[in-house]
2 protein chains.
Amino acid sequence: MDRWGVARQTVQNAIDQLRTEGLVGSRPGRGWYVAERPAIRRLARNRLSKAERDAGRGAFLSDAAQGGWRPDVSVEVRRQPADDRIAGILDLAGDVAEVVVRAREMRADGRVVQLATSYFPAGIAAGTAIEQPDTGDGGVYERLEELGFRLTHFEEAVNARPARPEEASGLGIPAGYPVLAVTRVAWAGDRAVEVNDMVLAGDRYELVYTLPAD
Amino acid sequence: MDRWGVARQTVQNAIDQLRTEGLVGSRPGRGWYVAERPAIRRLARNRLSKAERDAGRGAFLSDAAQGGWRPDVSVEVRRQPADDRIAGILDLAGDVAEVVVRAREMRADGRVVQLATSYFPAGIAAGTAIEQPDTGDGGVYERLEELGFRLTHFEEAVNARPARPEEASGLGIPAGYPVLAVTRVAWAGDRAVEVNDMVLAGDRYELVYTLPAD
DNA sequence: CAGTGGTCTAGACCACAAA
DNA sequence: TTGTGGTCTAGACCACTGT
């Protein structure tokens, strides 16, 4: 205010802009400070290979072991009617198309860093280990293979969008701050067996994909 | 103001929040309106395969042909000393490590939708077609192959972050609005031959990766 | 010209933190 | 207690739009 000869609200608005750009943060009563660039976690996407899955632990847990932070996952499993989008991807017909839903919240040292919601056709997953909170070694993909669905490939669609208010409070970022939204579809031949919607705190993550040149 | 019994500034702040979340837009003198969800362009990433490259046109132009919009690319080529990050990735030694830079701005029907800046070691690209604005059929990757660099794979690192002010005005989005930042590294064996930094308007794009299951 | 969005000021109140 | 950040109000001016 002194330096530029402007009103308090004007400074406040300026700082609010910097906040939405992720450049400053503040704590009431303390002050405002230049934001620290959070450590970026690189998530290699070749972790979906069968060899890696056979190693046992899920991707999140091996990341934790490597990164030296304390992982913590809470799971909620339920059944519900599939909405249009999910029904479309999983190619479910009929008006009572039901899906098994696994909603997970992943925390690193107590902070929520990732939300993931998986959908499976109830015809495949109902009554199996997939409906258990703990799905055991290799996770749901191994369980799908045991059920006779030989996974052939995954498709991941990535986009960046502003965090919705619920997501923002969950992930501990300002509302509207960028998140990575990833939709993964697991395929067994030409049959889609899982849709996984993931939301990751934007610049705290980096997804790394390796693509063959030929 | 009438409905909630609040001051004008309060409404303004509320609307500003919605704007940063991409939900509303406004034009001075006209009013504010619910933002239309822009059509999402799906960018399949298998387009980097040799077979696709042999087809001739660059990825951006074939997207345009498929999507029915008018493509428009402006290119600026220059040489400059490599900064630490680029030198690190390209494994350039010495204090005079120079790179050839291709800075491109891609427009769809006149609107900037993507910014891309490529870096090549000057030792490889200087004096070649890579320094020409138009690199010819198959683009820079074909030129690299002709120079004896057999491309083996690409690595793409994706993250989401707030748009920097220059990027925001370039891409026609509010400052701080999410962008997808993709860094692609092209490898010929164990040698990195190109670094390409791309910035895409966040929720206008969806990057699709296909991953093998084994 | 009136109505709109955008921005600024000055003053006020609250919650929180540190001395 | 004092200083901080966060938020709100009331009033003002400007630029732009459409009648």
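Of the residues in residues 9-16 of chain B, those with a non-hydrogen atom less than 4.0 angstrom from any atom of DNA chain C are B:Gln9, B:Gln12. Taking a 4.0 Å limit (strictly below) on heavy-atom distances, residues 20-29 of chain B reaches DNA chain D at B:Pro28, B:Gly29.
Under the rule for a side-chain hydrogen bond (donor to acceptor under 3.5 Å, both in side chains), the partners of A:Arg79 that lie at least two apart in sequence or sit in another chain are A:Glu131. With sequence neighbours left out, the salt bridge (Lys or Arg N to Asp or Glu O under 4.0 Å) criterion links A:Arg107 to A:Asp72, A:Glu105. In this structure, the salt bridge (Lys or Arg N to Asp or Glu O under 4.0 Å) partners of B:Glu167, at least two apart in sequence or on a different chain, are B:Arg161, B:Arg164. In terms of the salt bridge (Lys or Arg N to Asp or Glu O under 4.0 Å) criterion, B:Glu98 has no residue partners (sequence neighbours excluded).
In this structure, the separation between CZ on A:Phe120 and CG on A:Asn196 is 7.5 Å, given to the nearest 0.5 Å.
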N/O donor to acceptor pairs below 3.5 angstrom from side-chain atoms of residues 81-92 of chain B, sequence neighbours left out:
residue : atom : partner  : partner atom : Å
B:Asp83 : OD1  : B:Arg85  : N            : 3.1
B:Asp83 : OD1  : B:Ile86  : N            : 2.9
B:Arg85 : NH1  : B:Asp197 : OD2          : 3.2
B:Arg85 : NH2  : B:Asp197 : OD1          : 2.7
B:Arg85 : NH2  : B:Asp197 : OD2          : 3.2

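Over its length, the helix from C:dC1-D:dG18 to C:dA18-D:dT1 turns its helix axis by 0°, as judged from the five terminal pairs at each end, rounded to 10°.
Between A:Val179 and A:Tyr177, the closest side-chain pair of non-hydrogen atoms is not below 4.5 Å.
Every pair tested for ring-ring contact (aromatic ring centres under 6.0 Å, His included) that includes a residue from residues 18-41 of chain A fails, sequence neighbours excluded, so the list is empty. Annotation: ring-ring contact (aromatic ring centres under 6.0 Å, His included) contacts involving residues 73-103 of chain A, sequence neighbours excluded, are absent. For residues 69-109 of chain A, the ring-ring contact (aromatic ring centres under 6.0 Å, His included) pairs, not counting sequence neighbours, are A:Phe60-A:Trp69.
Residues A:Arg8 and B:Arg8 each lie close to DNA chain C; by heavy-atom proximity, the contact nearer the 5' end of the strand is made by B:Arg8.
Between the side chain of A:Arg143 and the backbone N or O of A:Thr128 there is no donor-acceptor pair closer than 3.5 Å. Under the 3.5 Å distance criterion, the side-chain polar atoms of B:Arg104 are left unmatched by any main-chain donor or acceptor of B:Glu76.
Where DNA chain C meets chain B (any atom under 4.0 Å from a heavy atom), the bounding nucleotides read 5' to 3' are C:dG3 to C:dC8.
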